[in-house]
Amino acid sequence: MENFIYSIPTTVYFGKGQIENLAEIVSQYGKKVLLVYGGGSIKRNGIYEKVTAILTGAGIEWEELSGVDPNPRVESVREGAAICKEKGIEVVIPIGGGSSIDCAKVVAAAACYDGDAWELVTNSSLIKVALPIIAILTLAATGSEMDHIAVISNMTTNDKIGTRANCLRPKAAIMDPTYTESVSAYQTASGTADIMSHTLESYFSNFEGYMHDRMAEGILKTCIEFGMKAVENPHDYEARANLMWASSWAINDFLKLGKPVTWSVHPMEHELSAYYDITHGVGLAILTPHWMRHVLDDRTVEKFRTYAVNVWDVSKELPAYEAAELGIQKTAEYFKAMGLPTRLSEVGITDDSKFAIMAEKSAKKLKGAYAELSKEVVEQIFREAM
Ligand code: NZQ
Ligand code: ZN
């Protein structure tokens, strides 16, 4: 295990009714807030009404940045930063999934920065300070509620880039699993695939971490147990709660501290989203089994066997390659059983003319990955996934 510093300072308020703590949490940081949310799900499920009633009751003023897109755009970030500067915002409160939270993170940083917000996305080192962020989570998927990453898209240049800084980690996260009961079966499945992918990205590392791997297997088993249950019964509280807590722990650094690795499937998926604006978790579910098949070889087969045996209950008695391939097959079958597409053509990607440039961009990000795939291999993965 490598050396590391453990510091995951987000205060988590987990469970039914935790929103009642909102005014007290906000008051620690200020009296003027910016609410950041998406296309209106929080108005339909009553969360907006509840939050604004609490703010009003506590004498906290708010402004709003609404209409944040899935795959949040830099234009929204610029708009939010301008509101913060003009209105003297002290606290940023995203209410939603990863898109609203990510947008809010860069808004919080751009509010304290004189240049253009996109510079903070392309160059993380420019992020020195940010307004405090209090995340209200409504979708279990990205783990943005407890991590220091924000992924922003610029559709004019076909770039989707992750930026990161410790000051972007939310000061607090309100995580009420009942808020996710209105998430559609498709988004629930997609979120589950995303949580699994984050876990797998850390699991398949060239560094040892026995404890990390057993924790990762636990998170994967949790997703397998409860992803399908939440898809089938959106009001299954235990399923929603387990997925929500798994989403945070898959990516809050815990699984990778001491076991560093550059991620593999995410850089490829981010190119798909950047060029075709598809749902992040869906892209991951489609690509993951193909990636696995490409990196399975004599060097990696034992790790894949362990994955198959410990996560998918494949028999230990099987020859290594047979067990490994069964694990990959079960991964693909599970995503499909949750109702996710298995081919890029199913999400409208029928034109392969951008694959070469996308492969080149993602292959550049694979230095230090579990397997450093060439741009030719990445392009082949895109083609096979079509
Ligand atoms: O926009 P609204 O109306 O809120 O609807 C959203 C959106 O259409 C809906 N939704 C959210 N909560 C709901 C709900 N619908 C009904 N009931 C609820 N309670 O779900 C749709 C998707 O929301 P979004 O926030 O886009 O989903 P997700 O949480 O999957 O976030 C995806 C974004 O996060 C990035 C992705 O790349 C993508 O841009 N990621 C962020 C990461 C991070 N910060 O660490 C890591 C991830 O790997 C990922 O890259
Ligand atoms: Zn992800």
Does either side chain, that of [X] or that of [Y], offer a donor lying less than 3.5 Å from an acceptor on the other one?
X: Glu24; Y: Gln28; result: no
X: Ser345; Y: Thr350; result: no
X: Ser197; Y: Asp194; result: no
X: Tyr321; Y: Asp298; result: yes
X: Thr262; Y: Glu372; result: no
X: Tyr37; Y: Thr138; result: no
X: Glu145; Y: Thr10; result: no
X: Thr222; Y: Asn242; result: no

Should the pair [X] and [Y] be assigned to parallel (<30°), tilted (30 to 60°) or perpendicular (>60°) ring geometry?
X: His212; Y: Phe4; result: perpendicular
X: His198; Y: His266; result: tilted
X: His280; Y: His270; result: tilted
X: Trp249; Y: Phe254; result: perpendicular

Membership question, hydrophobic clusters at under 4.5 Å side-chain separation (ILVMFWY): are Ile42 and Val91 in the same one? yes
Derivation of the side-chain hydrogen bond (donor to acceptor under 3.5 Å, both in side chains) call for Thr331 and Tyr307: CA-CA 10 Å; Thr331 309; Tyr307 166 65; 2.7 Å; yes
Looking at [X] and [Y], what are the two nearest heavy atoms and their distance?
X: Tyr237; Y: Gly15; answer: OH-CA, 3.7 Å
X: Cys223; Y: Ile195; answer: SG-CG2, 3.5 Å
X: Pro170; Y: Asp147; answer: CD-O, 3.5 Å
X: Met244; Y: Thr180; answer: CE-CG2, 3.5 Å
X: Lys171; Y: Pro132; answer: CG-CB, 3.9 Å
X: Lys365; Y: Glu271; answer: NZ-OE2, 3.7 Å

Whether over 12 other heavy atoms sit under 6.0 Å from [X] [atom1]:
X: Lys336; atom1: NZ; answer: no
X: Lys32; atom1: NZ; answer: yes
X: Lys316; atom1: NZ; answer: no
X: Glu64; atom1: CD; answer: yes
X: Asp351; atom1: CG; answer: yes

Geometric cation-pi criterion [X] and [Y], 6.0 Å radius, 45° cone:
X: Arg299; Y: Tyr370; value: yes
X: Lys303; Y: Tyr203; value: yes
X: Lys259; Y: Phe207; value: no

Passes side-chain hydrogen bond (donor to acceptor under 3.5 Å, both in side chains), Glu384 versus Gln380? Steps please. CA-CA 6 Å; Glu384 284 168 12; Gln380 203 182 332; 3.2 Å; yes
Pair [X] + [Y]: basic N to acidic O under 4.0 Å:
X: Lys221; Y: Glu225; result: no
X: Lys50; Y: Glu20; result: yes
X: Arg214; Y: Glu217; result: yes

Run the numbers on Ile89 and Val107 for side chain to side chain contact (heavy atoms under 4.5 Å, CB included), then give the verdict. CA-CA 11 Å; Ile89 296 295; Val107 165; over 6 Å; no
Identified side chain to side chain contact (heavy atoms under 4.5 Å, CB included) counterpart of Cys103 within the set Val92, Val74, Val77, Asp69: Val77
Can you tell which of Thr157, Ile152, Ile161, Asp159 makes a side chain to side chain contact (heavy atoms under 4.5 Å, CB included) with Thr122? Ile161
Which is it for Phe382 and Leu287 under the side chain to side chain contact (heavy atoms under 4.5 Å, CB included) test, yes or no, and what are the steps along the way? CA-CA 8 Å; Phe382 287 140; Leu287 292 176; 4.1 Å; yes
Using 0.5 Å steps for rounding, measure from the CZ atom of Arg343 to the CD1 atom of Ile349. 12.0 Å
